[in-house]
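Data block below; observations after.
For ligands, and for the atoms within them, numbers begin at 1 and follow the listed sequence. Position 1 is the first residue of the sequence, and the numbers go up from there.
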Amino acid sequence: MKEKVPEFAVVGHPNEGKSSVLSTLAEDDSVRVSPTPGETRECRRFPVKIDGREVIAFIDTPGFQNPRRTLQWMREYKGSDKRLLVDFIAAHEDDPTFHDDCHLLRPLADGAGIIFVVDGSRPIRNMDRAEMEILRLTGRPRMAILNSKENETGFLEQWQMEFRKHFNAIRIFNSVRATYAERIALLESLKAIDQSIEDALEIVIQAFTKDWAERNRKTAELIIAMLKEVLSYHRAATLAKGADEEALRAKMRTTFNRFVRKREQAAQAQIRRLFKHNIFSPELPPGSILNQDLFAEKTWQFLGLTNTQLIMAGALSGAALAATIDVAAGGASLGVFTALGGVLGAAATAVKGKDLLTGTKLLGIRLDHQQLRTGPVKSPQLMFILLDRSILFYSLIINWAHGRRDYQQGLTEKGEPDMEKQGVTAGWSRSEQQICEQFFLAATKKDETALPDRTEEMRRLLIKKLASFSEA
Ligand SMILES: Nc1nc2c(ncn2[C@@H]2O[C@H](COP(=O)(O)OP(=O)(O)O)[C@@H](O)[C@H]2O)c(=O)[nH]1
Ligand SMILES: [Mg+2]
């Protein structure tokens, strides 16, 4: 027998953000959100599935059409409380002017709980009082949500006072900026509105939590798979007699850059899908470093480790180090090279950052019996930059609520880490950076014996770092 999952109808006045709230709660960006009030005329059920199994369902509703007349009818109703909704629908279903009211009340008659949504940035009107009273009369378990469309907070207290009279729970929940932790918190308080749904909702919360951890694990896997492919990249091309060697080298570097860019984009698309952004692609903040090309000098100045950190991490061979440290070659770091010895210092300063970006030192190209060979990657800096960019992308994705449809100025401060000036990896501890370097050495040398262990350490590190973004 199929067990019935908890169901909640999202109700309220048109254009207050019902569909946006539902979209965010259900993590479903196929929910129709529209600036035109009254577009939704029918209810639509949005089940949330985890591992193919339905755990909870939210129902999008049209919003009240005639709150005052509906309330009046209900107040004059003489039948039993139990039959109130059924009788109301029977009395009005043939009247087109009550079409929306009948449709939105039907799921409640069928046993759904209520999530009432209002835009808390405006004052209360009498119509709102009528709607709240109708919902109270239904006797269904109900929660009120204040979804503020504007930054106005002056009316919130007024709303909360009014809500206390009509609802079992009240929450401020913003449909365009709610995070994972806030979604879970909302479910937690939904649990408290009625004892009969407590156990079912606890199962839902546990399923959500487990699923989130699973997505983080998969994200770590996706990032690692990308790194492995990029770091172990190698190609060979035959240099025909009399052919232009420089031109072929340049072509091989271009091919590599294109490969890495595409691989990075593929990983980002996979992460996006994992977090169920199937239709709308979250927009990057205008100033984001992710808008820069992966091989742009700016990217290499801002992301990755500092020269000192690269040296301190310490697992590098001299050559790899020399290939790496000059990238952002700031004067301040030269002192460190000198301290480590003249050989390093000379090697480091001899190479210009541009060379690294265009590929020679990054990848290594060598001539071997009329064959030009490239790869594997020589500079761990590329790995740190890819890590920084992946994690930055991840944090933008998880903080982009599904009900949000576009980028709005001033909406990015929350949840988004301040890593636009520096990558996250630069803030990791030395032992954490060393885990990355050990992984780099194993992945580039294709040391089959060390790679599984190094991958496992890397996976654990990444999962820990990703999880830290969704802590409440
Ligand atoms: N700025 C802002 N706009 C919102 C918010 N919630 C909803 N909207 C917008 O308000 C309009 C109506 O939202 P919708 O969810 O379709 O309302 P519904 O008619 O109650 O389902 C849409 O244009 C939404 O993008 C919010 O929290 N902030
Ligand atoms: Mg709607």
Check: Quick one: which ligand 1 atoms are inside 4.0 Å of a heavy atom on Lys18?
Finding: 15 (O), 17 (O), 18 (P), 19 (O), 20 (O), 21 (O)

Check: Any ion pair linking Glu221 and Arg459 (charged N to carboxylate O, less than 4.0 Å)?
Finding: yes

Note to self: Between Glu214 and Lys210, does any side-chain N to carboxylate O distance fall below 4.0 Å?
What the structure shows: no

Item checked: Winner among Thr36, Asn147, Asn15, Asp60 once heavy atoms are compared against atom 19 (O) of ligand 1 -> Asn15

Check: With a 4.0 Å heavy-atom cut-off (strictly under), which part of Asn174 contacts ligand 1: side chain, backbone, both or neither?
Finding: side chain

Item checked: Closest non-hydrogen atom pair, Ile397 against Arg272 -> CD1-CG, 3.9 Å

Item checked: Part of Ser148 with heavy atoms under 4.0 Å of ligand 1, whether side chain, backbone, both or neither -> backbone

Notebook entry, point to check: Taking both backbone and side-chain atoms of Lys149, is any N or O found less than 3.5 Å from an N or O belonging to ligand 1?
Noted result: yes

Notebook entry, point to check: Can an N, O or S atom be found in Ser19 less than 2.8 Å away from the Mg ion (ligand 2)?
Noted result: yes

Check: Ser175 heavy atoms, cut-off 4.0 Å: which ligand 1 atoms fall inside?
Finding: 5 (C), 6 (N), 26 (C), 27 (O)

Check: Looking only at distance, does Val33 have an N or O less than 3.5 Å from an N or O of ligand 1?
Finding: no

Item checked: Pairwise distance CZ(Phe295) to CZ(Arg253) - rounded to 0.5 angstrom -> 12.0 Å

Notebook entry, point to check: Going from CG on Asn216 to OH on Tyr394, what distance comes out if it is rounded to the nearest 0.5 angstrom?
Noted result: 3.5 Å

Notebook entry, point to check: How many angstroms lie between CD in Glu131 and CG in Leu71, if you round to the nearest 0.5 Å?
Noted result: 10.5 Å

Check: Where do Glu457 and Arg460 land on the salt bridge (Lys or Arg N to Asp or Glu O under 4.0 Å) test, with the steps shown first?
Finding: CA-CA 5 Å; Glu457 284 167 8; Arg460 255 184 274 141; over 6 Å; no

Note to self: Side chain, backbone, both or neither: which applies to Ser34 and ligand 1 if a contact is any heavy-atom pair less than 4.0 Å apart?
What the structure shows: backbone

